[in-house]
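What follows is one structure encoded as structure tokens, with my remarks underneath.
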Amino acid sequence: MFSIGEYIVYGMNGVCRVEEIGPMNMSGVESDKIYYTLLPLYTRGSRVFTPVDNQKVVMRPVISKQEACELIDNMKQIEQIEVADDKHRELAYKEAVKSCDCKELIRIINTACKRREERLAQGKKMSACDERYLKQAQDNLYGEFAVSLKMEKGEVEDFITHRMELKNMASAS
């Protein structure tokens with residue numbers, strides 16, 4: 001069970017702070033069931049109520065600073081999503097986002113960025129599907145990294161770029 005004040009990842013809502021834990025005082029809701037009241041960090045004015053024993057939605061602790069740094073250091077080595085056609089790629093993207101797994105989000109980012117480069121080289125624009133899932137993966141990943149690394153979400157991309165540059169310089173020496 002999570003604690004009040006703890007940051008967790010809750011499905012498609014991304015990072016949330018546990019605001020309250022207890023029964024809900026609403027008609028039609030079982031009074032003996034315990035719920036989390038969650039505040040999504042990046043959706044202002046939103047609250048989520050979910051049973052503490054919810055098995056339908058991914059609910060997990062935010063990764064540690066060390067785990068975030070290790071993922072950043074290994075981003076380039078994380079494989080892309082390999083699928084033959086656009087329809088299967090979108091299904092793979094959707095499953096990866098639903099997993100709420102940072103490594104899967106990085107796979108989407110790596111795949112979409114590589115496809116963008118390939119399409120630009122052919123004089124084409126990035127596909128709407130790639131663009132949509134790239135943004136969603138970055139939003140979710142950078143939101144979690146921001147909490148883990150104790151920084152603003154808007155600073156995460158620059159932090160990743162800088163850390164990767166330092167790693168490349170160190171490996172080149």
Side-chain angles (χ1 to χ4, degrees), residues 1-81 90-113 130-164:
M1 196 157 137
F2 301 110
S3 304
I4 292 175
E6 190 172 352
Y7 290 100
I8 67 169
V9 172
Y10 180 74
M12 302 297 274
N13 290 281
V15 179
C16 298
R17 190 165 80 77
V18 179
E19 229 4 60
E20 296 176 28
I21 304 169
M24 287 185 56
N25 296 326
M26 274 188 181
S27 61
V29 177
E30 299 174 40
S31 61
D32 60 336
K33 197 166 190 137
I34 305 296
Y35 288 82
Y36 290 121
T37 302
L38 307 174
L39 288 179
L41 280 191
Y42 304 109
T43 310
R44 297 287 172 225
S46 179
R47 271 187 165 27
V48 176
F49 303 95
T50 186
V52 297
D53 60 355
N54 185 343
Q55 299 295 312
K56 295 179 182 175
V57 178
V58 173
M59 201 172 3
R60 64 168 177 78
V62 168
I63 62 172
S64 69
K65 180 178 181 175
Q66 181 181 342
E67 290 169 314
C69 289
E70 286 173 10
L71 280 167
I72 292 167
D73 291 344
N74 296 306
M75 271 180 132
K76 293 286 186 201
Q77 287 76 43
I78 295 174
E79 70 281 352
Q80 296 177 37
I81 296 172
E90 183 165 10
L91 288 172
Y93 283 168
K94 196 175 288 189
E95 287 304 310
V97 168
K98 276 176 48 180
S99 75
C100 299
D101 182 298
C102 292
K103 205 171 201 172
E104 290 299 310
L105 297 175
I106 292 170
R107 290 183 70 209
I108 293 172
I109 294 167
N110 287 349
T111 304
C113 288
D130 286 335
E131 199 169 337
R132 182 173 62 252
Y133 282 98
L134 173 62
K135 182 180 177 353
Q136 191 171 9
Q138 287 175 325
D139 280 348
N140 291 358
L141 184 69
Y142 295 175
E144 186 166 359
F145 280 2
V147 172
S148 299
L149 300 168
K150 296 182 179 15
M151 63 177 57
E152 293 297 317
K153 186 176 176 182
E155 300 170 332
V156 171
E157 192 166 6
D158 286 341
F159 177 84
I160 291 170
T161 303
H162 181 70
R163 188 171 176 101
M164 291 172 94

>> Could you check whether any side-chain heavy atom of L134 comes within less than 4.5 Å of a side-chain heavy atom of C113, counting everything from C-beta outward?
In response: yes
> So how far is it from D53 CG to M1 CE, rounded to the nearest 0.5 Å?
Replying inline: 10.5 Å
> Rounded to the nearest 0.5 Å, how far apart are CZ of R163 and CG of D158?
Replying inline: 15.0 Å
>> Would you compute the distance between atom SG of C69 and atom CD1 of I160 and round it to the nearest 0.5 angstrom?
In response: 10.0 Å
>> Check whether N140 reaches the backbone of C100 with its side chain - one donor and one acceptor, N or O, closer than 3.5 Å.
In response: no
> If you count the non-hydrogen atoms of other residues, nucleotides and ligands that lie under 6.0 Å from CD in Q77, is the total more than 12?
Replying inline: yes
>> Under the criterion side-chain contact (heavy atoms from CB on, under 4.5 Å), I'd like the reasoning laid out for K150 against K65: C-alpha separation, chi angles, the key distance, then a yes or no.
In response: CA-CA 8 Å; K150 296 182 179 15; K65 180 178 181 175; over 6 Å; no
> Can you tell if the side chain of I109 reaches within under 4.5 Å of the side chain of Q138, non-hydrogen atoms only?
Replying inline: yes
> How far apart are the C-alpha atoms of E90 and R132, what are their side-chain angles, what is the distance that settles it, and do they pass the side-chain contact (heavy atoms from CB on, under 4.5 Å) test?
Replying inline: CA-CA 10 Å; E90 183 165 10; R132 182 173 62 252; 2.7 Å; yes
> Is there side-chain contact between F145 and L71, with heavy atoms separated by less than 4.5 Å?
Replying inline: yes
>> Whether the side chain of E144 engages the backbone of I63 through a donor-acceptor N/O pair (distance < 3.5 Å, no angle test) should be reported.
In response: yes
> Do you know which two heavy atoms are closest between P51 and M59, and how far apart they sit?
Replying inline: O-CE, 3.9 Å
>> To check you understand the geometry: which heavy-atom pair defines the closest contact between C102 and R60, and what is its length?
In response: SG-NH2, 3.8 Å
> Nearest heavy-atom pair of L149 and A68: which atoms, and what distance?
Replying inline: CD2-CB, 4.1 Å
> Quick one: does Y7's side chain have a donor or acceptor within less than 3.5 Å of a partner on V147's backbone?
Replying inline: no
>> Could you walk me through whether Y133 and K94 satisfy the side-chain contact (heavy atoms from CB on, under 4.5 Å) test, starting with their C-alpha distance in whole Å, then the side-chain angles of each, then the deciding distance to 0.1 Å, before giving a yes or no?
In response: CA-CA 8 Å; Y133 282 98; K94 196 175 288 189; 3.4 Å; yes
>> I'd like to know if the side chain of T37 and the backbone of E19 have a donor-acceptor N/O pair within less than 3.5 Å.
In response: no
> By side-chain hydrogen bond (donor to acceptor under 3.5 Å, both in side chains), which residues pair with R47, not counting sequence neighbours?
Replying inline: none
> Would the number of heavy atoms belonging to other residues, nucleotides or ligands and lying under 6.0 Å from CD of E79 be above 12?
Replying inline: yes
>> Taking E67's backbone N and O only, do any of them form a donor-acceptor pair with S64's side chain (distance below 3.5 Å, no angle check)?
In response: yes
> How close do F2 and I8 get, heavy atom to heavy atom, and via which atoms?
Replying inline: CD2-CG2, 3.5 Å
> Looking only at heavy atoms, which two atoms of Q80 and R107 are closest? And how far apart?
Replying inline: O-NH2, 3.2 Å
>> Restricting to non-hydrogen atoms, name the atom on P40 and the atom on L38 that form the minimum distance, rounded to 0.1 Å.
In response: CD-O, 3.5 Å
>> Working note: K153 + D139, criterion side-chain contact (heavy atoms from CB on, under 4.5 Å); need CA distance, chi angles, decisive distance, verdict.
In response: CA-CA 8 Å; K153 186 176 176 182; D139 280 348; 3.9 Å; yes
> Which value, rounded to the nearest 0.5 Å, describes the distance between M75 atom CE and N110 atom CG?
Replying inline: 6.5 Å
> Nearest 0.5 Å, what's the CG-CG distance between D101 and L141?
Replying inline: 10.0 Å
>> Between D130 and Y93, is there a side-chain heavy-atom distance shorter than 4.5 Å?
In response: yes
>> Between N13 and V48 (side chain of the first, backbone of the second, donor and acceptor by atom type, cut-off under 3.5 Å), is there such a pair?
In response: no
> Roughly how far, to the nearest 0.5 Å, is CG of L105 from CD1 of I78?
Replying inline: 10.0 Å
